[in-house]
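Since the structure comes first, as structure tokens, the remarks are kept for the end.
Protein chains get the first letters and strands the later ones, always in sequence-line order, with residue 1 at the start of each. All heavy atoms count here, side chains included; hydrogens, waters and symmetry mates do not.
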2 protein chains.
Amino acid sequence: MGATKADLFTKQQNEIALMAKALAHPARIAILQYLVKKNACVCGDLVDELGLAQATTSQHLKELKTAGLIQGTIEGVNVCYCINPKVWKQYQVLFAGFFKDVAPDGSCC
Amino acid sequence: MGATKADLFTKQQNEIALMAKALAHPARIAILQYLVKKNACVCGDLVDELGLAQATTSQHLKELKTAGLIQGTIEGVNVCYCINPKVWKQYQVLFAGFFKDVAPDGSCC
DNA sequence: CTTTCGTATCGTAATATTACGATGGATAAT
DNA sequence: ATTATCCATCGTAATATTACGATACGAAAG
């Protein structure tokens with residue numbers, strides 16, 4: 001056991017959960033916030049910024065890349081990362097949609 | 001190793017990651033969507049709704065309760081769950097804020 | 001009081017995530 | 001050509017998550 005039973009849920013539910021999972025680590029939040037703040041390609045200084053080992057940082061970057069949230073291009077010796085604005089927008093819309101369709105009266109419990 | 005190094009990150013970053021983690025499973029998304037759709041106390045039928053074992057469902061409910069997203073009240077034999085509108089709103093605001101402060105030009109990579 | 005029903009919790013197995021050292025590959029500098 | 005730098009990947013250990021059966025617990029019904 002232990003494996004998520006994805007077949008029990010709708011495609012949309014699995015998708016939202018996957019997107020949330022991409023954000024479910026402070027290091028990845030930190031990376032995203034840093035890239036957003038810089039609003040540009042960021043080369044190199046991500047490892048220094050985070051305080052995690054280089055291998056660990058690379059692993060988190062890979063997950064964000066797999067999620068589509070960031071993209072990296074090789075720039076000589078360095079690799080430069082930035083936000084993928086298209087996917088970023090998708091996340092924004094999806095989470096906003098998820099939280100919107102509530103009727104927050106709370107008149108029951 | 002393997003434990004998240006929470007002390008490396010800001011309080012806000014850890015908080016966002018924790019909130020995302022609460023959403024990072026399709027069963028929990030399904031529970032939340034169901035509660036939102038019903039917009040009322042839901043007693044009992046959650047186990048049938050999900051298709052997971054009773055123990056597993058209870059475990060997910062507990063995590064959502066810990067995250068504050070839902071609240072449960074004992075109603076005789078049953079326990080009734082509903083969205084906690086206050087915390088729901090907090091999530092909505094926080095995620096909207098997180099995704100808003102991007103400048104999605106993407107003019108670099 | 002005993003039984004039944006709905007949940008929570010415990011124990012545990014399977015799997016996933018997180019973290020890091022070590023290694024390798026590519027490019028720039030010497 | 002050799003060296004240095006940056007980054008990805010591999011291997012692996014520590015920890016966390018997911019899932020379920022078994023059991024416990026409390027309230028209502030008999």
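- What separates CD1 of A:I74 from P of D:dT5 is a distance of 20 Å, to the nearest Å.
- Of the possible donor and acceptor atoms, one in the side chain of B:T66 sits under 3.5 Å from a partner among the backbone N and O of B:K62.
- Ring geometry for A:F95 against A:Y91 counts as tilted: the plane angle lies between 30° and 60°, on a 0 to 90° scale.
- Put simply, the side chain of B:Q54 and the base of C:dA8 share a donor and an acceptor less than 3.5 Å apart.
- Separating the CG atom of A:L23 from the C1' atom of C:dT17 is a distance of 16 Å, rounded to the nearest angstrom.
- Annotation: of the two residues near DNA chain C, A:T4 and B:A55, the 5′-most nearest-nucleotide partner is B:A55.
- Rounding to whole angstrom units, CG of residue A:D45 and C1' of D:dC6 are separated by 12 Å.
- Using a 4.0 Å heavy-atom distance criterion, B:A53 is classed as a sugar-phosphate-only contact.
- Closest approach to the B:V77 side chain among D:dT18, C:dA19, D:dA28 is made by D:dA28 (side chain taken as heavy atoms from C-beta onward).
- Rounded to a whole Å, the CG atom of B:L18 is 17 Å from the P atom of C:dT17.
- Note on A:K21: a side-chain N or O is less than 4.0 Å away from OP1 or OP2 of C:dT17.
- For the pair B:K5 and C:dC20, the criterion of a side-chain N or O lying under 4.0 Å from OP1 or OP2 is met.
- Within a 6.0 Å radius of CD1 in B:I74, no more than 12 heavy atoms belonging to other residues, nucleotides or ligands are found.
- Taking the nucleotide of DNA chain D with the nearest heavy atom to each of A:V42 and B:E63, the more 5' of the two is matched to A:V42.
- At a threshold of 4.0 angstrom between heavy atoms, the contacts of B:E75 with the nucleic acid are absent.
- Rounded to whole angstrom, the span from the CG atom of A:L61 across to the P atom of D:dC6 amounts to 15 Å.
- The 12-atom threshold is exceeded at NZ of B:K65, counting heavy atoms of other residues, nucleotides or ligands nearer than 6.0 Å.
- When the P atom of D:dT15 is taken as reference, atom CD of A:Q59 falls 17 Å away, rounded to whole Å.
- Per the geometry, NZ belonging to A:K62 stands 18 Å off P belonging to C:dC20, to the nearest Å.
- Contact annotation for B:S58: base contact, defined as any heavy-atom pair under 4.0 Å involving a base atom.
- Listed pair A:N78 / C:dT27 fails the phosphate criterion, with no side-chain N or O lying under 4.0 Å from OP1 or OP2.
- The ring-ring contact (aromatic ring centres under 6.0 Å, His included) contacts involving residues 15-48 of chain B comprise B:H25-B:H60, where partners must be two or more places apart or lie in separate chains.
- Using a 4.0 Å cut-off, some side-chain N or O of B:Y81 falls inside it from OP1 or OP2 of C:dA8.
- DNA chain D is contacted by both A:A6 and A:G44; A:G44 maps to the nucleotide lying nearer its 5′ end (nearest heavy atom per residue).
- B:V79 comes within 4.0 angstrom of the backbone, heavy atoms only, and of no base.
- Checking the phosphate oxygens (OP1, OP2) of C:dA19, a side-chain nitrogen or oxygen of A:H60 falls inside 4.0 Å.
- Within the 4.5 Å cutoff, the side chain of B:K5 has heavy atoms near those of the B:D7 side chain.
- Across C:dT9, C:dT18, D:dA19, the shortest atom-to-atom separation from the side chain of B:L52 is found for D:dA19.
- Following rounding to the nearest Å, B:F9 (CZ) and C:dT18 (P) show an atom-to-atom distance of 11 Å.
- For B:T56 and D:dA19, the shortest distance from a side-chain N or O to OP1 or OP2 is not below 4.0 Å.
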